[in-house]
Amino acid sequence: MAEVRDILVTGGAGQVGLALRRLDWPAPFRLVAPTRAELDLTDAGTVEALFARHAFAAVINPAAWTAVDRAESEPAAAFAANATAPARLAEACRAADIPLVHVSTDYVFDGALAWPYREDDPVAPPGVYGASKLAGELAVRAIQPRSVVLRTAWVVSPDRANFLKTMLRLAAERDVVRVVADQHGCPTAAADIAAALQTITLKLIADREAPTGVFHFAGAGETSWAGFAEAIFAASRARGGPSATVEPIPTTDYPTPARRPANSRLDCRRISGAYGIIPRDWRAATDEITGQVLAASAEGATP
Ligand SMILES: NC(=O)c1ccc[n+]([C@@H]2O[C@H](COP(=O)([O-])OP(=O)(O)OC[C@H]3O[C@@H](n4cnc5c(N)ncnc54)[C@H](OP(=O)(O)O)[C@@H]3O)[C@@H](O)[C@H]2O)c1
């Protein structure tokens, strides 16, 4: 039997980390997916010790400081997790001569473009979170060229706190929900991101000539947060779950510490051409995840 080969996944308790853990991984590969409590990437000694103990075949890094608004008041913490930590992982991957697959964000763009962003469009992060993620991207690419940076957007799943779960909770509490209608993007299932990361990682391990660099991956199609909320409620209603009326509002009526891009849409043609990865329509993913969330809460309610 072939010797087991470990792939490190960081942030094992995050939306994408959990989705990666749910995938089947072909032999001889096995995931090592520590949570932050088990592997804090801001602790250089712990990261070094882990790499000294393990001969990883590759590293996938979805771990991040994802509190977009809190990053404005805690920039050092955001940069430690989103810039310094990926640089540290890239150093370790370069030393071990293994590929690094790093996850980044649409928030590296300011949202001023009138059409979906391509990988080489100019970056201009509107806030600290985006700036910290951009610094991480640049470090990864500079330190370990055998790497892929996967930018994604509007991530949802049955896990953790996310927009979809917030909408279902609000619909159970009130009849009308006010939702921003002038920010546009592509809702993306964490499970689909995980599948894309798996395809890329296995290819990078198998083929030293596999495509590297920045790739966009997000749900196919586009909507606004208000349109997304409508779709969540439609999927919920169809299953007898909570629903509310969506009152579309402008961003100016929902002030937040961090500015968000008005246009978060990502053009995903490059990843389709390079890796044959075709994003799923965001509505299908929304319907599926809404069903999963409702089923989980129904199970929780059963004595
Ligand atoms: N969520 C979105 O809408 C969105 C949009 C675009 C891009 N992205 C990017 O997609 C990736 C995955 O996002 P997600 O939604 O899965 O995020 P998430 O659910 O917030 O998970 C992030 C994980 O990273 C962990 N983490 C944070 N700091 C860490 C550290 N210092 N060391 C180790 N682990 C640490 C967190 O630990 P705890 O469990 O302790 O919190 C959490 O488990 C991130 O790179 C994010 O920037 C997300």
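Just so you know, these numbers come straight off a predicted model, no measurement behind them. Order of appearance sets the numbers: ligands from 1, and atoms from 1 within every ligand. Numbers here are sequence positions counted from 1.
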Residues 16-23 side chain polar contacts: donor-acceptor under 3.5 Å, at least two apart:
{"residue": "Arg21", "atom": "NH1", "partner": "Gly12", "partner atom": "O", "Å": "2.8"}
{"residue": "Arg22", "atom": "NH1", "partner": "Asp159", "partner atom": "OD2", "Å": "3.0"}
{"residue": "Arg22", "atom": "NH2", "partner": "Asp159", "partner atom": "OD1", "Å": "2.9"}
{"residue": "Arg22", "atom": "NH2", "partner": "Asp159", "partner atom": "OD2", "Å": "3.1"}

Next item on the list: Non-hydrogen atoms closer than 4.0 Å to ligand 1: which protein residues do they belong to? List them by chain and number, please.
Entry: Gly11, Ala13, Gly14, Gln15, Val16, Arg36, Leu39, Asp40, Leu41, Thr42, Pro62, Ala63, Ala64, Thr66, Val103, Ser104, Thr105, Asp106, Tyr129, Lys133, Thr152, Ala153, Trp154, Val155, Arg160
Carboxylate-amine/guanidinium proximity below 4.0 Å for [X] and [Y]:
| X | Y | result |
| --- | --- | --- |
| Arg265 | Asp106 | no |
| Arg260 | Asp69 | yes |
| Arg88 | Glu91 | no |

Next item on the list: Would you indicate whether Glu38, at its atom CD, is surrounded by more than 12 heavy atoms from other residues, nucleotides or ligands within a distance under 6.0 Å?
Entry: yes
Checklist line | Check against side-chain contact (heavy atoms from CB on, under 4.5 Å), Asp43 and Val47 | finding: CA-CA 7 Å; Asp43 180 347; Val47 175; 5.8 Å; no
